[in-house]
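Below is one structure, written out as structure tokens; comments come after it.
Just so we're clear, the structure is a prediction, and the values are computed from it rather than from any experiment.
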Amino acid sequence: MADVQRTPVIAGNWKMNKFIAEAAATTSELVPLVSGVSGVKIIVCPVFTALSATADAAKGSNVEVGAQNCYTKESGAYTGEISPHMIKDAGCQWTIIGHSERREYFKESNALLNEKCAFALANGLKVMFCIGETLEQREGGQMNDVLRTQLVEGLQGRTDEEFKSIVIAYEPVWAIGTGVTATVEQAQEAHAFVRGVVRDTFGDAVADAVRIQYGGSVKPDNAGELIQNPDVDGFLVGGAALQAESFAAIIKAGAAN
Ligand code: 13P
């Protein structure tokens, strides 16, 4: 494998939390805590209503802002949806696509997520593309098949150039919001598998360069050991990203590696 330096990407997914003022305040608190931190990409993802205020609070800092979802059309009669253009208009550069909560509660299919990812990239957003198995799938021995299908069906058609704007987030569903984190070994095993699928499907250059985040109960006290895995290139953090101080501690642990 080529010796490629992959800058970690550490993102906070605030999910359906924080009013506008709270999102802006947390961002304003985070910015000075991480202003001296280099060698890591930092992103926060608030709810749509708070995108603009969060982007304003992050302006001029090393904190970037992303949405949590994004539709496949520029504008028009799509009640309740939002386009990449609107997310960029709010001052953001990123979107999460395919979070397990969207797959589960909103029945988003691999085919739809493929379209969402393609459209977001084509319109200038960078994408954190989520995959992950449930406990049932893991215990039933289907984990590898599930991850391969989500990856291949979700990302097929993307070019090497587009992959420069894609980060893969491996989030085992059983570790999300449960306090149960994948062990260092489980995370490395899954990340190595995911990178192998990327290698088989998209080639060596993409596999060596693509960042794979781990998500699922990441905390300040486990981030340091998880990031030491050779195939863990950052985190997608839920609960522990809601407070600036604990998110900053995770960012520093990730950057220190
Ligand atoms: P927790 O960090 O709260 O487990 O959430 C992980 C997640 O779903 C981030 O997208």
Side-chain angles (χ1 to χ4, degrees), residues 1 9-11 13 15-16 45 68-69 95-118 127-158 163 166-204 206-208 210-219 221-223 225-241 250:
M1 189 193 295
V9 180
I10 302 187
N13 172 12
K15 308 193 179 183
M16 200 174 76
C45 300
Q68 299 171 17
N69 183 27
T95 186
I96 297 171
I97 299 277
H99 192 279
S100 64
E101 288 149 16
R102 296 218 56 89
R103 291 176 185 266
E104 183 183 351
Y105 303 140
F106 306 100
K107 309 291 174 233
E108 295 195 356
S109 66
N110 290 321
L112 174 65
L113 297 174
N114 185 300
E115 246 188 279
K116 286 188 169 193
C117 182
V127 170
M128 285 177 273
F129 189 85
C130 304
I131 58 170
E133 83 288 358
T134 63
L135 188 59
E136 204 181 15
Q137 290 163 337
R138 175 176 274 258
E139 290 182 341
Q142 296 141 18
M143 169 176 147
N144 288 357
D145 283 347
V146 167
L147 295 179
R148 185 185 290 109
T149 302
Q150 290 178 343
L151 258 180
V152 174
E153 292 187 7
L155 293 176
Q156 69 192 354
R158 302 290 64 76
F163 261 101
I166 298 173
V167 172
I168 295 169
Y170 168 64
E171 298 204 303
V173 177
W174 47 272
I176 295 177
T178 57
V180 180
T181 317
T183 63
V184 171
E185 293 75 23
Q186 285 172 323
Q188 173 54 26
E189 191 189 350
H191 280 234
F193 174 77
V194 168
R195 199 177 303 284
V197 174
V198 174
R199 191 174 303 284
D200 294 344
T201 315
F202 302 101
D204 286 336
V206 170
D208 289 337
V210 74
R211 271 84 54 92
I212 306 175
Q213 297 169 309
Y214 170 78
S217 298
V218 176
K219 303 276 182 288
D221 61 5
N222 58 27
E225 53 176 14
L226 284 164
I227 198 76
Q228 273 164 36
N229 279 321
D231 287 298
V232 173
D233 311 310
F235 302 117
L236 185 53
V237 187
I250 291 170

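- Side chains of Glu133 and Trp174: a donor-acceptor N/O pair is present below 3.5 angstrom, by distance only.
- In terms of heavy atoms, Ala169 sits closest to Leu236 at CB-CD2, 3.9 Å.
- Within a 6.0 Å radius of CD in Gln188, more than 12 heavy atoms belonging to other residues, nucleotides or ligands are found.
- When side chains are defined from C-beta on, Ile176 counts as touching His99, because their heavy atoms get closer than 4.5 Å.
- Residues Asn69 and Lys116 form a side-chain contact, since some pair of their non-hydrogen atoms from C-beta on lies under 4.5 Å apart.
- Using cut-offs of 30° and 60° for the angle between ring planes, the His191 and Tyr170 rings count as perpendicular.
- Rounded to the nearest 0.5 angstrom, Arg199 CZ and Asp204 CG are separated by 5.0 Å.
- Side-chain contact between Met16 and Glu101 is absent, with no heavy-atom pair separated by less than 4.5 Å.
- If you check the side chains of Asn110 and Gln150, you find no donor sitting under 3.5 Å from an acceptor.
- Side-chain contact between Glu171 and Ile131 is absent, with no heavy atoms from C-beta onward closer than 4.5 Å.
- Side-chain contact between Arg103 and Val173: absent, with no pair of heavy atoms (C-beta onward) separated by less than 4.5 Å.
- Pairing each heavy atom of Thr201 with each of Val197, the nearest pair is OG1-O, 2.6 Å.
- Here Asp208 does not pair with Arg195 in a salt bridge; the nearest charged N to carboxylate O distance is not below 4.0 Å.
- With respect to Ile166, the side-chain contact (heavy atoms from CB on, under 4.5 Å) criterion is satisfied by exactly one of Leu155, Val206, Val198, Ile97: Leu155.
- Between the CZ atom in Phe193 and the CG atom in Asn144 there is a gap of 3.5 Å [rounded to 0.5 Å].
- Under the 4.5 Å side-chain criterion, counting only non-hydrogen atoms from C-beta, Gln228 is not in contact with Val184.
- The closest side-chain heavy-atom distance from Thr178 to Ser217 is below 4.5 Å.
- Taking the side chain as every heavy atom from C-beta outward, Gln186 and Pro172 never approach each other to under 4.5 Å.
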